[in-house]
K.L.:
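One structure, as structure tokens, below. Some questions next.
One-based numbering, in listed order, for ligands and for the atoms of each.
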Amino acid sequence: MYDYRLNGRTINVSDKELEIQKDFIKKIKKLNDDFEKENSRKKTMFISTFGCQMNAHDSEKIEGMLGEMGFVRADEEKNADFIIYNTCCVRENAENKVYGNLGYLKHAKETNPFMKIALCGCMMQEENVVETIRKKYRHVDIVFGTFNLYKLPELIYTNIETSSPVFDIWKEHKEIVEDLPSIRKYKFKASVNIMFGCDNFCSYCIVPYVRGRERSRRSYDILNEVKNLAKDGVKEITLLGQNVNSYGKSLDEDINFAKLLRMVNEIEGIERIRFMTSHPKDLSDELILAMAECEKVCGHIHLPFQAGSNRILEKMNRKYTKEKYIEIVSKIKEKVPDVAVTTDIIVGFPGETKEDVEETIDVIEKVRFNGAFTFIYSKRTGTPAAVMENQVSEKDAKIQFNRVLDALNPIVYEKNKEHLGKVYKVLAESVSGNDESFITGRLEDNSIVHFKAEKNVIGNIIDVEIIDCKTFYLTGKIISGLR
Ligand code: 5AD
Ligand code: SF4
């Protein structure tokens, strides 16, 4: 578990805050212990996470705090005493799902008098959402945003004390609160935030409005966290940020992302380093060199290009051209042998024509991506793109979207086929969802592989030969055992 080390630093506001929250955790723990004595069961929790890896990582912190308060995981959502949705607002369908689930929870709450419902994450930073929750979803007990996650213990305690809903949403928060307890999903791999927020203001994207201005964590704190994780048996680290390539800009240290990678690479016990997400406009030669020279940094880069048409890229405020993007990727491929390149693509941005989509397909064909997340543009109120002319109809966007997929999928399959017959180091991660006798793992390039093996290989890096391949996964045969 986690302790509240102060890492030899002078106590600052963040640490004081942490102490305050620790007291609330103790108070709630006492209440939960009393509940257990009276009801012969522990209070249970259920966390639903929407959206990106940032949210997944925040949910680990939420689970860590709730765990310290004495909550245990519920088998099913409807049986839980504390339900929390960590929401995403990047696209509309993720928002609709939250509203749908909340409607259902109204009935579930009527049958469980102890049930508390909390909402947090990006959606809660939108004023119209919070208004809707207040008016139409009165069964919600606690609402907070992306800047005050660490206050969860206090908010829960206030809700218990006042027996009324607690809404606490901040517009901005510059402090980074270090050392929140967290429960990791995997013992052998972990994510580490290196920065929060985003200053890029891509015209379609709501993230800068809900996650605030870019703030980097001090390298000292990041390195300490990674060292502690390594001591705890973690082999693979993913460094997280909306735009990791601009790491360090908000700090008064002489540091950038390439330097940070080199420092993490030195940490004993860590065997693999991943990072996401990179923005093409900030991708430096220094970073490419660090990727090439740091033996622990995985040969994979997720580099969203979003659209191929220079006209659309400009309207998106992406600050690079199609040609520049292709040039950067060539440089990476040249310096980092066997690197896998994955990307994000948006189809149906306002004003995007069939001809513009041809440019997107051209990038796909030139770069030959190992994988891509493809999205239909979703209009987000408050962003510049939402009020642009020539919004594309859903029907037209879908047609163009399918064209993009038809171009992409055969290439992804072809790229995957390059693995056939070769042996790779694989981190065995979990029992396969489809067949209990199979283990699922990841190659260094982030490809997923299923192979027959005993459960005790999980958490180890082993040699696997690739014997079959589909578009989205590989099948392999184990060559070497544990190490
Ligand atoms: N509509 C569709 N996709 C979006 N993304 C961000 N905002 C939107 C939007 N409004 C996608 C981008 C980004 C990924 C995380 O989500 O491709 O890289
Ligand atoms: Fe959104 Fe652009 Fe920032 Fe990514 S870089 S989070 S797409 S604004």
K.L.:
Quick one: do K335 and D285 make a salt bridge, cutoff under 4.0 Å?
P.N.:
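The answer is no: the pair does not qualify as a salt bridge.
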
K.L.:
Could you find the nearest protein heavy atom to atom 6 (C) of ligand 1 and give me its residue, atom name and distance?
P.N.:
V90 CG1, 3.3 Å

K.L.:
Record the part of R318 in heavy-atom contact with ligand 2 below 4.0 Å; permitted values are side chain, backbone, both and neither.
P.N.:
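Looking at R318 and ligand 2, just side chain atoms fall under 4.0 Å.
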
K.L.:
Taking NZ, NE, NH1 and NH2 as the nitrogens, is one of them in E63 or K185 under 4.0 Å from a carboxylate oxygen of the other?
P.N.:
no

K.L.:
Parallel under 30°, tilted from 30 to 60°, perpendicular over 60°: which one fits the rings of F257 and Y247?
P.N.:
perpendicular

K.L.:
Salt bridge check: are E334 and K331 linked by an N-O gap of less than 4.0 Å?
P.N.:
no

K.L.:
Among protein heavy atoms, which sits nearest to atom 4 (Fe) of ligand 2, and what does the distance come to when rounded to 0.1 Å?
P.N.:
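Atom 4 (Fe) of ligand 2 sits closest to the protein heavy atom Q242 O, 4.5 Å.
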
K.L.:
Answer yes when E236 and R274 have at least one side-chain N-carboxylate O distance shorter than 4.0 Å, and no when they do not.
P.N.:
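Yes.
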
K.L.:
How close does the nearest protein non-hydrogen atom get to atom 1 (Fe) of ligand 2, and which residue and atom is it?
P.N.:
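Ranked first by proximity to atom 1 (Fe) of ligand 2 is C205 SG, 2.3 Å.
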
K.L.:
Is R262 paired with E293 through a side-chain N to carboxylate O contact shorter than 4.0 Å?
P.N.:
yes

K.L.:
How far is atom 2 (Fe) of ligand 2 from its nearest protein heavy atom, and which residue and atom name does that atom have?
P.N.:
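Sorting protein heavy atoms by distance from atom 2 (Fe) of ligand 2 puts C202 SG, 2.3 Å first.
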
K.L.:
Which heavy atom of the protein is the closest neighbour of atom 5 (S) of ligand 2, given with residue, atom name and distance?
P.N.:
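For this ligand atom, the closest protein heavy atom is N200 ND2, 3.4 Å.
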
K.L.:
Should the proximity of P208 to ligand 2, defined as any heavy atom under 4.0 Å, be assigned to the side chain, the backbone, both, or neither?
P.N.:
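The answer is the side chain.
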
K.L.:
Heavy-atom contacts under 4.0 Å between Y204 and ligand 1: side chain, backbone, both, or neither?
P.N.:
both

K.L.:
Among protein heavy atoms, which sits nearest to atom 10 (N) of ligand 1, and what does the distance come to when rounded to 0.1 Å?
P.N.:
S378 O, 2.8 Å

K.L.:
Determine whether the side chain, the backbone, both or neither of H279 has a heavy atom under 4.0 Å from any heavy atom of ligand 2.
P.N.:
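Side chain only.
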
K.L.:
With a 4.0 Å cut-off, would you call K425 and E444 a salt bridge?
P.N.:
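E444 and K425: not salt-bridged.
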
K.L.:
Of the backbone atoms (N, CA, C, O) and the side-chain heavy atoms from C-beta on, which set of R91 has a member under 4.0 Å from an atom of ligand 1: side chain, backbone, both, or neither?
P.N.:
side chain

K.L.:
Using a strict cut-off of less than 4.0 Å between a Lys/Arg side-chain nitrogen and an Asp/Glu carboxylate oxygen, indicate whether D199 and K249 qualify as a salt bridge.
P.N.:
no

K.L.:
What protein heavy atom is closest to atom 7 (S) of ligand 2, reported as residue, atom name and distance in Å?
P.N.:
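Protein heavy atom with the smallest distance to atom 7 (S) of ligand 2: Y204 OH, 3.4 Å.
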
K.L.:
Please determine if R91 and D344 form a salt bridge, counting it only when a charged side-chain N lies under 4.0 Å from a carboxylate O.
P.N.:
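No.
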
K.L.:
Which of the numbered atoms in ligand 2 are under 4.0 angstrom from any heavy atom belonging to C198?
P.N.:
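Contacts of ligand 2 toward C198, numbered from 1: 3 (Fe), 5 (S), 6 (S), 8 (S).
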
K.L.:
How close does the nearest protein non-hydrogen atom get to atom 15 (C) of ligand 1, and which residue and atom is it?
P.N.:
D344 OD2, 3.8 Å

K.L.:
Measure the distances from the heavy atoms of I376 to every atom of ligand 1 and state whether one is below 4.0 angstrom.
P.N.:
yes

